[in-house]
Amino acid sequence: MSARPWIECTTAGDLLDRAAERHPDSEVVFPGERSRYAEVAERAEHFARALVGLGVRAGDGVGLLLVPNVDHVAIMFAVSKIGAVAVPINARFKTRELGHVLSDSGMRVLLVSAPVSEQIDYPAMVSAALREKPAPDLAHVVMIGAGPLPEGFLPEAALHEGAEHVSAEQIAAMQERVRLRDCAYIMYTSGTEANPKGCLLSHEALVRNATAIAVSRFQMTAEDRFWDPLPMFHTGGIVLCMSCLATGTTFVHAGFFDPGVAVDQLAGERITVAHPAFETIWLAVLNHPKWADADVSSIRAVLNVGVPERLREMHARTPRAKPFCSFGATEASSHLALSLPDDDPEKAFTSGGHPMPGMEVRVIDPTTGEDLPTGQEGEVVYRGPHLFDGYHNAPEINARVFDEDGFFHSGDVGRLDEDGRLTFLSRLKDMLKVGGENVAAAEIESVIAGHPAVQIVQVVSAPDRRYVEVACAYVQLNAGHQAAEEDIIATCQGRIASFKVPRYVRFVTEWPMSGTKIRKVELRQRIADELRAAGIEEAPRMVAASGPRVA
């Protein structure tokens, strides 16, 4: 008899209902708000009826630009219950990025939270995006919450009114028709193209990954309490919420991340498994004044990603907690690899862990496609039940990244050790990873190229102590034109998310060339050498157009 856990898979909608039946008193918790699983399931049922009443049918896209709260969770699962496709939207997107998602996804309905503050005004973002680029398939935009209603938006009351005309039996029938391989989410992530690409993720991929994380790695039970600060538009928020449902674990979310609130949650909620994932998040918590007096002795496991030296330093602050590390990708439904529960801590600090159950991972020579020996660097390719089903509306890209055996060629450079652990090293793709967020150089370049003084622009990564990498733009100006570093940065601010804006701009008149191509590897080395020689480890904070400094 096999000692491994049996494969259990269901649809995302049934996952919530099953959890509510088995663990009705486990909770979903946000700052200032908490609901039992049973109550969340009831809310999801109501929102499912409301969406159907609004005209949503199986296969329709439903955009979600929502503040993090219990209703956000309920709405996510409501979309899944009726076989529609959830399209979570990164709240950090700017007008151009948002407009692309609204149009490219073909979403039928968009749910948008009412303004929270002058800085967090999702309806204004949507209005601006639709003015710049229409979304012809978008039939309804509904504002969730109170406040002045923008032109063309429906009030939340209109959504709830629709629920009155749809029965629970109708929802049950729709829920029973959902197939495991149906698309559940389109998750937009930056790639090597200028615009974010939509990853098609099935119910099976998401639920099996979530269950494996909970059972085979963190060994979670209904007695555990899981803390997650990752956004609910990120697989690290969505999938880990599903992990909790799979095992009846209480899910505690940080909401809009604040390190002081995070310390209060970790101590007050008696968290057992913490999933900060990125050192920028966990260091803000560990360095908060409240941490010194907080009783966090209940924490038994912490997942982080970062350089080994920093991981060791952070673990020293929570020495009784088991360290976990991972190799993550939206295309792999969240965690492609994750430390094993019995891994030696040093293995967690120096690798991304073992591939998740069912995932086949190889490291190949990117030129020949041949498998490389253990320990040798190459391109990471993988396939298996957690793999996405391709990029939305991108047949040419899909033909390029999937081979005839179904392996996805990730463009990531990594290596496998003698025990099968996978370690991420860098990227073949022209990509940066800023504080854990994928950033396409081509996207930044396309914005800077719009500046009238710019002739050529090349964006590369620069090392950074805070974010691991930040963007550096090398710019050649048109003859007779002038521009300063501040001008190039100002061109980007407000047009792309702040984490994508270059922190360094360097002007050049000649480029390092390889045949007809600019050698970006030399540009990366040039900025790295410059910063090292100057003793600069952390990029200066940006000054926003309105004045205050931003991260």
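Below, each value reflects all heavy atoms present in this structure, side chains not excepted, and no hydrogens, waters or symmetry copies. If you're wondering where the values come from, they're calculated on a predicted model, not measured in any experiment.
For T272 and R225, the side-chain atoms include no donor-acceptor pair closer than 3.5 Å. Defined by atom type and a distance below 3.5 Å, a donor-acceptor pair is present between the side-chain atoms of D14 and Q175. Side-chain contact of H409 with D403: a donor-acceptor pair under 3.5 Å is present, judged by distance alone. At a cut-off of 3.5 Å, with distance as the only test, a side-chain donor of Q476 or W511 sits close to an acceptor on the other residue.
Scanning both residues, L180 and T11, for their nearest heavy atoms gives CD2-N, 3.7 Å.
Not one N or O on the side chain of D529 forms a donor-acceptor pair closer than 3.5 Å with the backbone of R526. At least one donor-acceptor pair under 3.5 Å links the side chain of R317 to the backbone N or O of L286.
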Do any side-chain atoms of residues 329-337 form donor-acceptor pairs under 3.5 angstrom with protein atoms, and if so which ones, sequence neighbours left out?
| from | atom 1 | to | atom 2 | distance (Å) |
| --- | --- | --- | --- | --- |
| E331 | OE2 | Y391 | OH | 2.6 |
| S333 | OG | H386 | O | 2.7 |
| H335 | ND1 | S326 | OG | 3.2 |
| H335 | NE2 | H275 | NE2 | 3.1 |

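By the 30° and 60° cut-offs, the orientation of the rings of W282 relative to W227 is tilted. Using the six-membered ring where Trp is involved, H100 and Y188 have ring planes that are perpendicular, over 60° apart on the 30 and 60° scheme. Ring orientation note: the planes of F251 and F226 are close to parallel, at an angle under 30° on the 30°/60° scale.
Figure legend: R217 and F324 shown without cation-pi pairing, the cationic atom not lying both under 6.0 angstrom from the six-membered ring centre and within 45 degrees of its axis.
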